[in-house]
Amino acid sequence: MAPSVMSTLSATYRSRHKVLGYPVDVVSEEGALDVVKAAWQNEKGIHIVTLNAEMVVQAQENQELDRIIRHAHLIIPDGAGVVWALKLAGQQANRLPGVELAEKTLQLASDEGRRVVLIGGKPEVLTHLETLIPDRYPGIKLVGSQNGYFSKDEEDEIVDALSNSEPELILIALGVPKQEFFIDRWQHAFPKAVMVGVGGSFDVWTGSVKRAPKFFRQCNLEWFYRLMAEPWRAKRMMSSLPKFGFQVLGASLKGSGRKSTDSDSGEDKG
Ligand code: UDP
């Protein structure tokens, strides 16, 4: 019998830690894929968040995003900043980039012949992707797609059409926090779907944006490469990354202060 999503998630939650109060599931790629498999086998919709430092800072300033992240079923450490914070707190952690998990999930969907919907990206990017997906993942049933440039008034109709095909995987590339808000608003319409916000992944897969070369990824400097390649990100990154860094360092110093006080008092008692 297939394991239930809850039992698979419970196992995952044993490796749930916190970064600045936000939950992060320190899972391997296989662990995350097991959650996806269990969701499909049990026909249960889930929301996967790919957490990075910018998102944490945005959530601190936006109650809606804060709530959505905390309620997600699986929250993976997408960003180098999140992994750094976990390591500083003494946890063993590796990055699990959202773009890579999404690729592996597409492969799994192809192997299992699952129904997939793509939402987001510029119209020409999405059109290109619609031709790439069947080439790369021939087993996938691509049952719907929608570019990312629609108004709120159009959403009802769009969701209605897409939900008729009962998708099992929906990748939503609208950027943060738009994609998380979309998932929160419409999860109820896709009760069997694994929903993942994938940011700029459609641009990467179609080659309209280049992902950082291996060297940058291995050195946890993908964010720096993105900053160089897309300088318009500077304002956003520069306002959030230092904020994140200082808070993590502050929390770490407080934590180690508390630890040494605890052990001092332990010695006193002994
Ligand atoms: N996008 C979209 N609709 C919008 C705004 C953005 O479809 O209204 C798409 C955009 O074309 C791009 C992606 O969302 O493909 C955002 O990518 P980005 O790398 O900026 O995501 P983030 O850094 O927020 O993860």
Side-chain angles (χ1 to χ4, degrees), residues 22 24 47-62 64-66 68-69 72 74-83 95-103 105-106 116-133 144-155 157-159 162 170-186 195-212 216-217 220-241 243-244:
Y22 289 93
V24 187
H47 175 196
I48 302 179
V49 162
T50 67
L51 195 70
N52 61 34
E54 274 183 69
M55 208 169 167
V56 167
V57 173
Q58 282 195 59
Q60 288 176 328
E61 292 160 4
N62 184 320
E64 270 300 282
L65 185 60
D66 176 289
I68 295 168
I69 293 174
L74 185 68
I75 303 151
I76 62 162
D78 166 86
V82 168
V83 169
R95 274 190 77 201
L96 179 46
V99 62
E100 288 175 20
L101 180 63
E103 285 165 11
T105 307
L106 283 169
V116 176
V117 156
L118 306 169
I119 301 175
K122 296 195 185 90
E124 64 277 16
V125 168
L126 190 72
T127 307
H128 187 178
L129 192 60
E130 282 165 343
T131 63
L132 281 184
I133 291 281
S145 61
Q146 167 62 48
N147 74 61
Y149 295 85
F150 50 86
S151 71
K152 263 220 169 127
D153 294 343
E154 294 169 293
E155 275 190 15
E157 214 173 304
I158 291 169
V159 168
L162 294 175
I170 312 182
L171 301 182
I172 301 113
L174 299 171
V176 177
K178 229 176 171 179
Q179 60 199 23
E180 280 69 33
F181 292 159
F182 182 91
I183 293 172
D184 185 57
R185 265 197 306 281
W186 296 112
M195 298 179 85
V196 196
V198 294
S201 300
F202 291 3
D203 300 321
V204 171
W205 294 334
T206 53
S208 11
V209 169
K210 248 179 91 94
R211 207 179 155 202
F216 286 87
R217 287 187 245 158
N220 274 342
L221 286 173
E222 189 159 12
W223 62 274
F224 181 69
Y225 177 87
R226 279 191 101 179
L227 182 61
M228 295 296 111
E230 301 168 88
W232 58 267
R233 289 186 184 276
K235 196 168 159 225
R236 209 172 89 177
M237 276 188 175
M238 287 310 142
S239 76
S240 56
L241 295 186
K243 252 188 218 165
F244 179 83

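Every number for a ligand or one of its atoms is a count from 1 in the order of the listing.
- Protein heavy atom closest to atom 3 (N) of ligand 1, with residue, atom name and distance, is Gly148 O, 2.8 Å.
- Between Phe216 and Phe224, the angle of the ring planes stays under 30°, which puts this pair in the parallel group of the 30/60° scheme.
- Here atom 21 (O) of ligand 1 lies nearest to Gly200 when heavy atoms of Gly121, Ser208, Gly200 are compared.
- Nearest protein heavy-atom neighbour of atom 1 (N) of ligand 1: Tyr149 OH, 3.3 Å.
- Note on ligand 1: Glu54 sits outside its first shell, no heavy atom being nearer than 4.0 Å.
- Salt-bridge formation is not detected for the pair Arg185/Glu64: no Lys NZ or Arg NE/NH1/NH2 atom is positioned less than 4.0 Å from an Asp or Glu carboxylate oxygen.
- Ser151 and Glu154 share a donor-acceptor pair across their side chains, judged by distance under 3.5 Å alone.
- Residue Phe202 places no heavy atom under 4.0 Å from ligand 1.
- The distance from ligand 1 to the heavy atoms of Asp203 drops below 4.0 Å at these ligand atoms: 12 (C), 15 (O).
- Taking a cut-off of under 4.0 Å to the non-hydrogen atoms of Arg226, the atoms of ligand 1 that pass are 19 (O).
- The protein atom (non-hydrogen) at minimum distance from atom 24 (O) of ligand 1 is Val176 N, 2.9 Å.
- Considering only non-hydrogen protein atoms, atom 9 (C) of ligand 1 sits nearest to Ala173 O, 3.4 Å.
- To the nearest 0.5 Å, atom CD1 of residue Ile69 and atom CG of residue Asp184 are 11.0 Å apart.
- Within ligand 1, counting atoms from 1 as listed, the ones closer than 4.0 Å to a heavy atom of Gly120 are 7 (O).
- Residues passing the salt bridge (Lys or Arg N to Asp or Glu O under 4.0 Å) test with Glu157, sequence neighbours excluded: none.
- Among protein heavy atoms, the minimum distance from atom 8 (O) of ligand 1 is reached at Lys178 NZ, 2.5 Å.
- Ligand 1 has Arg233 within reach: a non-hydrogen atom of the residue lies less than 4.0 Å from it.
- Scanning the protein for heavy atoms near atom 13 (C) of ligand 1, the closest one is Gly199 O, 3.5 Å.
- No side-chain donor-acceptor contact under 3.5 Å links Arg226 to the backbone of Ala212.
- Checked by atom type and distance alone, the side chain of Asn147 never pairs as donor or acceptor with a backbone atom of Leu126 at under 3.5 Å.
- Ionic pairing of Arg233 and Glu54 is not present here: no N-O contact between side-chain nitrogen and carboxylate oxygen is shorter than 4.0 angstrom.
- With rounding to the nearest 0.5 Å, the separation of CZ in Phe202 from CD in Glu130 is 10.0 Å.
- Contact between Arg236 and ligand 1 is present, with at least one heavy atom of the residue lying under 4.0 Å from the ligand.
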